[in-house]
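A quick note: this is a predicted structure, and the numbers were derived from the prediction, not measured. Residue numbers start from 1 in every chain, and the chains themselves are labelled A, B, ... in the order their sequence lines are given, proteins ahead of strands.
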Amino acid sequence: MEQRILQIVLDTPLDRTFDYRWRRQGDEALPQIGQLAIVPFGRREVAGLIIGLAEQTEVPDGKLKDVLAVRSQLAPLPPQWLALCGFAADYYQRPLGEVALPGLPKNLRTLTTTALDRALKKLAKLDAGHDGNPVNTPQLKPEQQEAVDAIADARGFAPLLLYGVTGSGKTEVYLQAAARILAQHEAAGEVAQVLVLVPEINLTPQLESNIRARFPGVHVVSLHSGLAEGERTLSWLAAHQGQARIVLGTRLAILSSLPHLKLIVIDEEHDPSYKQQEGLRYSARDLAVWRAHQLAIPVVLGSATPSLETWQHAQAGRYRKLQLRERAVRDAVLPKVKMIDMERDRPNDGLTSTLVAALKLRLERGEQSLLFLNRRGYAPVLNCDACGWISNCMRCTSFMVLHKPERRLRCHHCSLELYIPKACPTCGNVDLQPLGRGTQRVEEGLQAMFPEARILRIDADSTRLKGSAQNAFDSVHRGEVDILIGTQMVAKGHDFKRLTLVGVMNPDTALFSHDYRASERLFAQLMQVAGRAGRAGQKEGGSPSEVLIQSRYPHHPLYGAVAAHDYDGFATQLLEERQQAALPPFLYQALLRAEAAELDVALAFLQDAATCLEHPGITINDPIPMTMTRVANVERAQLLIECPSRPALQAFLRDWMEVLRQTKTRAKWSLEVDPVDI
DNA sequence: AGCACGCCGACT
DNA sequence: GTCGGCGTGCTC
């Protein structure tokens with residue numbers, strides 16, 4: 001009987017292949033590299049990826065097991081996809097199996113194939129409905145046309161920064177460039193696929209319906225973590241089989257199989273949610289650029305406030321910069337940004353008289369206002385004046401946040417919840433005071449101030465239930481809300497037509513953060529939230545929309561740049577500072593984290609790690625406890641590694657990981673390459 | 001990472 | 001007498 005040895009990688013931290021025996025059953029075809037197999041592993045049955053075939057193995061006969069099934073009904077994952085996973089595995093120092101397998105739909109990874117077969121059958125019926133002619137194509141402004149031409153006429157690898165403020169028509173550029181590329185390939189009798197990455201699921205329904213309306217008859221699918229398993233299987237398979245011509249997805253979509261990929265678009269490329277923050281900590285943006293390079297295709301990075309990494313590439317000429325200076329929406333003008341000096345105009349309930357007057361004016365005119373405060377809950381701390389007790393979390397190095405409607409103290413880090421104490425736990429004082437303010441407290445203050453106004457709060461707490469975020473946004477769009485108060489959830493994507501005032505309540509904390517990236521993020525966030533107003537331009541009455549920023553430091557240069565809508569100046573300045581301080585993007589970093597029940601265990605591991613290997617050219621800093629040392633009763637510490645050369649850092653990390661994997665420690669540890677929160 | 005085996009404390 | 005705590009060892 002014919003047999004082969006299959007070399008298979010599995011989703012396990014063991015960084016090697018496992019050999020299995022395959023024996024031909026009936027007229028079964030020979031397994032191929034890139035196919036999935038279900039195998040017995042220990043006492044479990046798991047899915048594996050076939051990465052090699054051999055006649056023989058070193059594994060002794062007693063250990064060698066038979067493959068349970070090969071997923072031969074599925075086309076093998078293409079070599080370009082295997083190469084992508086291989087690159088990510090090397091770059092982020094993870095076993096290939098941990099990169100390649102977890103992203104595959106669960107229905108492909110089980111022994112039973114009923115769900116998979118059903119999905120395949122459904123897709124087989126759908127076969128090729130596409131006349132790719134887009135409809136309702138708006139006339140482009142000259143700059144937009146130039147950008148579309150640059151993307152669609154690009155040959156080979158072409159990274160392009162599409163730089164333009166909210167309302168400058170970036171989405172239209174993506175759509176028309178995608179249409180051109182699909183049409184070019186169709187004319188040549190080839191299949192083409194376009195991948196559009198967006199930061200969050202929240203934004204996807206709106207853009208998705210726009211794309212579907214624009215491309216009737218073209219198979220469009222979306223891929224994000226909110227999909228049910230069945231849907232995810234269908235979307236993933238449609239992409240893998242080349243049926244889906246446009247794939248719209250969040251960061252996880254970058255690891256999907258797209259055999260005919262011809263264009264990648266990354267919308268809001270600066271957005272932090274492109275960085276996966278657990279497990280394989282990859283940057284979807286960086287992988288997208290790598291993938292475009294590998295496939296020799298264009299990749300469009302769109303933003304009003306590009307990441308400094310991207311900005312530097314553009315300044316150095318490595319990325320082509322396509323700028324949209326005009327706002328494309330008719331009559332649109334940029335909102336007026338004004339600073340309110342909180343030292344002169346002292347806030348009441350968090351609101352200065354200037355901001356209150358502006359809100360009042362909008363209420364009188366029947367226009368909408370948005371208050372932006374990036375802090376949920378009622379108050380960040382509960383405090384006893386009498387003895388100084390504060391609401392520390394007993395499991396974390398943090399405060400428990402007061403949530404008034406829920407009548408709880410809640411830790412935002414470990415989710416511990418307690419009833420709000422009636423009296424101080426240490427001295428019995430019944431007069432406990434909330435310190436500071438979150439969205440709930442602002443909502444309460446507004447209700448007292450404007451009893452007739454329709455006020456809606458949108459944050460992670462008010463939108464816990466599935467669909468409630470959509471409902472909330474819909475009711476704002478229908479004009480059922482006068483004042484909207486929200487966290488960063490409201491800053492993205494949604495274009496509120498009746499909104500003429502944006503108030504920013506207290507952005508100052510980010511100005512003096514120890515995280516050097518805080519100001520970059522603040523600028524982007526302010527520009528983004530400012531973009532919620534004035535998008536439809538001159539509203540009735542003729543005055544443009546207004547953005548009011550309350551601050552104790554109204555003359556800080558960052559605010560000056562925001563008010564002038566001057567990202568160029570801000571970014572140039574920031575890049576200069578980064579270069580002088582030898583910080584990214586002029587330096588590459590990796591972070592070794594360790595956690596244990598006792599801090600000393602974590603620190604000792606890091607100390608050993610710091611000295612266990614020669615490291616010429618690599619800077620290894622001292623191990624330090626993390627800012628938030630304890631989370632859920634686990635103590636955490638970290639070690640920062642720096643190097644001006646990326647290849648040198650990569651080479652060191654490879655050797656280092658090999659040594660570390662053999663060290664015995666009670667600490668749990670992990671490595672992050674290109675960390676963003678340090 | 002799972003998952004089992006294995007050897008010592010408080011409980012239906 | 002058992003249920004169950006987490007140390008350590010293995011996974012083709």
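- Distance, A/Ile51 CD1 to C/dC12 C1': 13 Å, rounded to whole Å.
- Using a 4.0 Å heavy-atom cutoff across all strands shown, A/Arg16 reaches at least one base atom of the nucleic acid.
- Rounded to an integer number of Å, the gap from A/Ile8 CD1 to C/dT11 P is 16 Å.
- Spacing between atom CD of A/Glu598 and atom P of C/dC6 amounts to 13 Å, rounded to whole angstrom units.
- A/Glu658 CD: 12 or fewer foreign heavy atoms inside a 6.0 Å radius.
- By the 4.0 Å N-to-carboxylate-O rule, A/Lys275 lies close enough to A/Glu672 to be salt-bridged with it.
- If you check B/dA1, C/dC12, B/dC3 against the side chain of A/Tyr20, the one that comes closest is C/dC12.
- If you check B/dA1, B/dA4, C/dT11 against the side chain of A/Phe18, the one that comes closest is C/dT11.
- Straight-line distance from the CG atom of A/Leu64 to the P atom of C/dT11: 13 Å, rounded to whole Å.
- Looking at which nucleotide of DNA chain C each of A/Val59 and A/Lys664 is closest to, the 5′-most match is held by A/Lys664.
- What separates CZ of A/Arg109 from P of B/dG2 is a distance of 12 Å, to the nearest Å.
- At whole-Å resolution of the value, CZ in A/Arg44 and P in C/dT11 are 13 Å apart.
- The number of heavy-atom neighbours closer than 6.0 Å to CZ of A/Arg375, taken from other residues, nucleotides and ligands shown, is 12 or below.
- Within the 4.0 angstrom heavy-atom criterion, base atoms lie near A/Phe41.
- With a 6.0 Å radius and a threshold of 12 heavy atoms from other residues, nucleotides or ligands, A/Gln73 has its CD atom above the threshold.
- Between A/Arg43 and A/Glu98, the residue anchored closer to the 5' end of DNA chain B is A/Glu98, taking for each the nucleotide with the nearest heavy atom.
- Among B/dA1, C/dC12, C/dT11, the nucleotide with an atom closest to any side-chain atom of A/Pro13 is B/dA1.
- Between A/Leu101 atom CG and B/dG2 atom C1' there is a gap of 15 Å when expressed in whole angstrom units.
- In this structure, A/Arg666 places its CZ atom where only 12 or fewer heavy-atom neighbours from other residues, nucleotides or ligands lie under 6.0 Å away.
- Nucleic acid contact class of A/Leu14 (heavy atoms, under 4.0 Å, all strands): base.
- The nearest whole Å value for the distance from the CD1 atom in A/Ile38 to the P atom in C/dC12 is 15 Å.
- Nucleic acid contact class of A/Pro40 (heavy atoms, under 4.0 Å, all strands): sugar-phosphate only.
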